[in-house]
Amino acid sequence: MKQNLLLLFFLLSISSVFAQNYYMESPEGFGAATTGGGNSTPITVTTYTELLSKIKLKSPAVILVSGIITIPSGEPIHEVVTDKTILGLPGAKLVNETQSNPGAGILSLKPGSNNVIIRNLVFVGPGAYDIDGQDNLTADCTNLWVDHCEFQDGQDGNYDNKGNTDNVTISWCKFTYLKAPKSGGSGGADDHRFSDLIGSNKNDFPADGHYSITFKNCYWAEGCKQRMPRGRNLEIHILNCYYNTSESGSLAIGLGGGVKNSTCYVEGTDFAKVGKVFKDYISTDGGTVGIVFDRCRKGPMDFGTKVNKPSYPYTTIPLGKVEQYVTNTSCGAGATLQVSSAGVISSSCTNKS
């Protein structure tokens, strides 16, 4: 009987750990200090005009996005955003399928943005086209948590971080391309399904010199070609993520040193299907690079300089369960949170199966 009770306690304990991974009341990782709009009374928006006006508020706010909001061509939301939580109700989408420059883009956090949470939203772009256009989400923001979002078909990228962006956690997000890429762009790439860039160039970095970003339980899915992520001048932690893209010549992680050097700690991550896991860009970006693969499926040999394991507290899931949990369509990566009309997030998912 005592053994049965101990077993039951163990199973409940494991279940609570998995639940904590799926539904986090606050971010883990480099973005742990992010609080967004805090306990502000939620405000529901249903139109582009309402969303824009609430994002521009100077005071803290919790903004609930309801339904499908279309971003007008040439009018992506491009604002300094501070102390905001932007939370999607079930089925909420931000859409801009205009494929031009200017014209594309959905949300851009301008320099000076700080303390922003974005959760449970689907971002729908026009499809990849290399004309130096806009991303679904572009961040120049300190203290940022992007959680349980799905990014589809960004024109230039799905979600990029640049400028002064620092102290970021990206958790339970899905990146995918459902539309065929458009060729013949001015940038030279006929297939620009390049998902996530960190730093615009080798001289781009935040105040402390390194983009500090945690990718936790993220899913790079079908259609992704490169930049999962690609960056320089950074320290990043890729934890319990899942890669599954059948695109020919696909490349997961690309690192250049830049002028401040780069490190990457990859932990408990499943590279199930991707053409190449890692490539260094030292020849073009300069500097030094270090990357470690700790208990990864299909991870290559470590490369470059020594990389220390992150010192902040965080929870994990077993490597053998990463695919099952991250790809779960009800309780996995993407906009799968259960959110009430009052903005209360349910934590009923335990990622058991």
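Aromatic ring orientation, Y22 versus H148: perpendicular (interplanar angle above 60°, classes split at 30° and 60°).
Residue pairs satisfying the side-chain hydrogen bond (donor to acceptor under 3.5 Å, both in side chains) criterion with at least one member in residues 107-117, sequence neighbours excluded, are listed as follows: T35-N115, H78-S108, D83-N115, N114-T142, N114-N143.
In the displayed structure, K162 atom NZ is contacted under 6.0 Å by at most 12 heavy atoms of other residues, nucleotides or ligands. Heavy atoms from other residues, nucleotides or ligands lying under 6.0 Å from NZ of K202 number 12 at most.
Both the sub-6.0 Å distance and the 45° axial angle are satisfied by K182 relative to the ring of Y129. Taking the ring centre of Y281 as origin, the terminal cationic atom of R230 falls inside the region bounded by 6.0 Å and 45° from the ring axis. Geometrically, K260 engages F205 in a cation-pi contact, judged by NZ or CZ lying under 6.0 Å from the ring centre and within 45° of the ring axis.
Clustering ILVMFWY residues whenever any of their side-chain heavy atoms sit less than 4.5 angstrom apart, transitively, puts V277 in a cluster other than the one holding V307.
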Kindly indicate, with the supporting measurements, whether the criterion ring-ring contact (aromatic ring centres under 6.0 Å, His included) is fulfilled by W220 and F215. CA-CA 11 Å; W220 282 275; F215 290 89; 5.6 Å; yes

So E267 and K309, salt bridge (Lys or Arg N to Asp or Glu O under 4.0 Å) or not? Walk me through it. CA-CA 9 Å; E267 181 178 359; K309 187 173 184 175; 3.7 Å; yes

Determine, step by step, whether Q99 and E97 satisfy the side chain to side chain donor-acceptor pair (under 3.5 Å) criterion, reporting the C-alpha distance in whole Å, the side-chain angles of both residues, the deciding distance to 0.1 Å, and the verdict. CA-CA 6 Å; Q99 197 171 53; E97 297 186 283; over 6 Å; no

Quick one: do C149 and C173 satisfy disulfide (SG to SG under 2.5 Å)? Show the steps, please. CA-CA 5 Å; C149 289; C173 286; 5.0 Å; no

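A salt bridge between D196 and R227 is absent, with no side-chain N of the basic residue lying under 4.0 Å from a carboxylate O of the acidic one.
Between C241 and C218, the sulfur-to-sulfur (SG-SG) separation does not fall under 2.5 Å.
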